[in-house]
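Basis for what follows: all heavy atoms, side chains included, without hydrogens, waters or symmetry-related copies. Predicted model only: the values in this text are computed from it and were never measured. In what follows, residues are counted from 1 in the order of the sequence shown.
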Amino acid sequence: NSNIPVITIDGPTASGKGTVAHRVAERLGFHLLDSGALYRLTALQALRRQTPLNDEHALAKLAEHLHIGFTGEAIFLSSENVTDAIRAEEVGNTASKIAALPAVRQALFGLQLGFRKAPGLVADGRDMGTVIFPNAQLKVFLTASVEARAERRYKQLIGKGISANMDDLLMDLKARDDRDTHRAIAPLVPAEGAHVLDTSDMTVELAVEQVMNWYAAFGK
Ligand code: CDP
Ligand code: CDP
């Protein structure tokens, strides 16, 4: 199914991947793969079941047997709506730890390929362009300064009525960047041929326009 178009959007946390991917998918009428949600769902299960984070085999089993459902904006684990639960910082941090385990990544591999369905897919994550869809029609690497990203997360949390501390957020973000960039398997790097877009001083709308323009130019 490599004829079905895929746009990959990879980048560090809070670079705007999710927001931009969502809008681009909407504009093109494409399916959406939020691959980070799969790692977050696995992390949520592990936290709830108190699975030791060094038990690679048990964690891969959890990933393999996830009963997930995506309906519109909501994400379900079995019949429970976990849309908000998986966004907790603790879940994100745990996700980035278990994402360094090869067996966990392997367990989620086939599931991700299955999202490539007509008329097309927008996939966001860390390794969409490098590992999962290396033959994607368009690859984008979104980035932004660590300060701009911490500011965005801060506003997101405050907006949801969750208290946040800028210094803690900066520290968490840097730790997560470090883990995602330096792990041995599927590290966060721009894919070969990726368009790099620094959104530090860019609105969401402009970032979406840029991706749409790149996609329109593809195939001409
Ligand atoms: O998915 P990822 O963690 O990369 O980021 P996100 O959740 O899509 O974006 C984090 C926040 O930054 C959201 O509230 C976006 O609206 C905001 N954002 C922004 O202010 N300017 C941008 N150019 C991109 C995102
Ligand atoms: O929204 P944010 O960028 O903070 O995180 P996310 O995209 O929801 O992903 C959570 C964690 O899962 C990341 O910190 C990565 O370590 C991991 N992840 C990954 O390894 N590969 C992906 N394709 C997506 C996420």
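Between the CG atom of L33 and the CG atom of D124 there is a distance of 7.5 Å, given to the nearest 0.5 Å. Taken from OG1 in T13 to CZ in R176, the straight-line distance is 4.0 Å, to the nearest 0.5 Å. Considering CG of L121 and CG of L32, their distance stands at 7.5 Å, rounded to 0.5 Å. Here R126 contributes atom CZ and T8 contributes atom OG1; the two are 13.5 Å apart, rounded to the nearest 0.5 Å. Between the NZ atom of K17 and the OG1 atom of T19 there is a distance of 9.0 Å, given to the nearest 0.5 Å. Interatomic distance, CG of L113 versus CG of L108, reported as 11.0 Å (0.5 Å rounding).
Residue pairs meeting the ring-ring contact (aromatic ring centres under 6.0 Å, His included) criterion with at least one partner in residues 105-138, sequence neighbours excluded, are F70-F115. Every pair passing salt bridge (charged side-chain N to carboxylate O under 4.0 Å, His left out) that includes a residue from residues 18-44 is listed here, sequence neighbours excluded: R23-E205, R27-E209, D34-R87.
Between A164 and Y154, the shortest heavy-atom distance links the atoms O-CE1, 3.4 Å. When all heavy atoms are compared, the tightest approach of N81 to I75 is OD1-O, 3.6 Å. Here the closest heavy-atom approach between residue P12 and residue R149 is recorded as CB-NH1, 3.4 Å. In terms of heavy atoms, A60 sits closest to A107 at O-CB, 3.6 Å. The minimum heavy-atom distance linking S35 with Q112 is given by the pair CB-OE1, 3.4 Å. Pairing each heavy atom of F30 with each of P119, the nearest pair is CE1-O, 3.7 Å.
The residues D127 and R105 are annotated as salt-bridged, a charged nitrogen and a carboxylate oxygen being separated by less than 4.0 angstrom. R153 has no carboxylate O lying under 4.0 Å from a charged side-chain N of D172, or vice versa, which leaves the two without a salt bridge.
Side-chain contact check for D168 versus E89: every heavy-atom pair is 4.5 Å or farther apart. Counting heavy atoms from C-beta on, the side chains of P102 and E56 come closer than 4.5 Å. Under the 4.5 Å side-chain criterion, counting only non-hydrogen atoms from C-beta, L111 is in contact with I68. Side-chain contact between H67 and L77: absent, with no pair of heavy atoms (C-beta onward) separated by less than 4.5 Å. H182 is not listed as a side-chain neighbour of P187, based on a closest heavy-atom distance of 4.5 Å or more.
Residues passing the side chain to side chain donor-acceptor pair (under 3.5 Å) test with N135 are R116, sequence neighbours excluded.
Cluster annotation: L28 is connected to V208 through the hydrophobic network of ILVMFWY side chains, with a link wherever side-chain heavy atoms come within less than 4.5 Å. Under the 4.5 Å side-chain contact rule for hydrophobic residues, L142 and L206 share a cluster. Hydrophobic clustering places L38 together with L101 (ILVMFWY residues linked when any side-chain heavy atoms are closer than 4.5 Å, directly or through intermediates). Both V131 and I98 are assigned to one and the same hydrophobic cluster, defined by single-linkage of ILVMFWY side chains at heavy-atom distances under 4.5 Å. Hydrophobic clustering of Ile, Leu, Val, Met, Phe, Trp and Tyr side chains at less than 4.5 Å, counting indirect connections, unites M212 with I7.
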For this session: Could you give me the CA-CA distance, side-chain angles and deciding distance for L197 and V20, then say whether side chain to side chain contact (heavy atoms under 4.5 Å, CB included) is met?
Result: CA-CA 12 Å; L197 188 59; V20 171; over 6 Å; no
Problem set entry | Criterion side chain to side chain contact (heavy atoms under 4.5 Å, CB included) on E73 and T83, from CA distance to verdict | CA-CA 8 Å; E73 310 260 297; T83 316; 5.8 Å; no
Problem set entry | Chi angles and distances behind the side chain to side chain contact (heavy atoms under 4.5 Å, CB included) call for V24, Y215 | CA-CA 10 Å; V24 170; Y215 188 66; over 6 Å; no
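Under the 3.5 Å distance criterion, the side-chain polar atoms of T51 are left unmatched by any main-chain donor or acceptor of L59. For T42 (side chain) and L62 (main-chain N/O), no donor-acceptor pair under 3.5 Å exists by modelled atom type. Side chain of K139 to backbone of P134: a donor-acceptor contact under 3.5 angstrom is found. Of the possible donor and acceptor atoms, one in the side chain of D10 sits under 3.5 Å from a partner among the backbone N and O of G129. Panel note: side chain T181, backbone L188; no donor-acceptor pair is recorded below 3.5 Å.
Environment of CG in N93: crowded, with over 12 heavy atoms of neighbouring residues, nucleotides or ligands closer than 6.0 Å.
Side-chain contact, S96 with R179: a donor N or O sits under 3.5 Å from an acceptor N or O. Using a 3.5 Å distance cut-off with no hydrogens or angles, the side chains of T199 and R152 do pair a donor with an acceptor.
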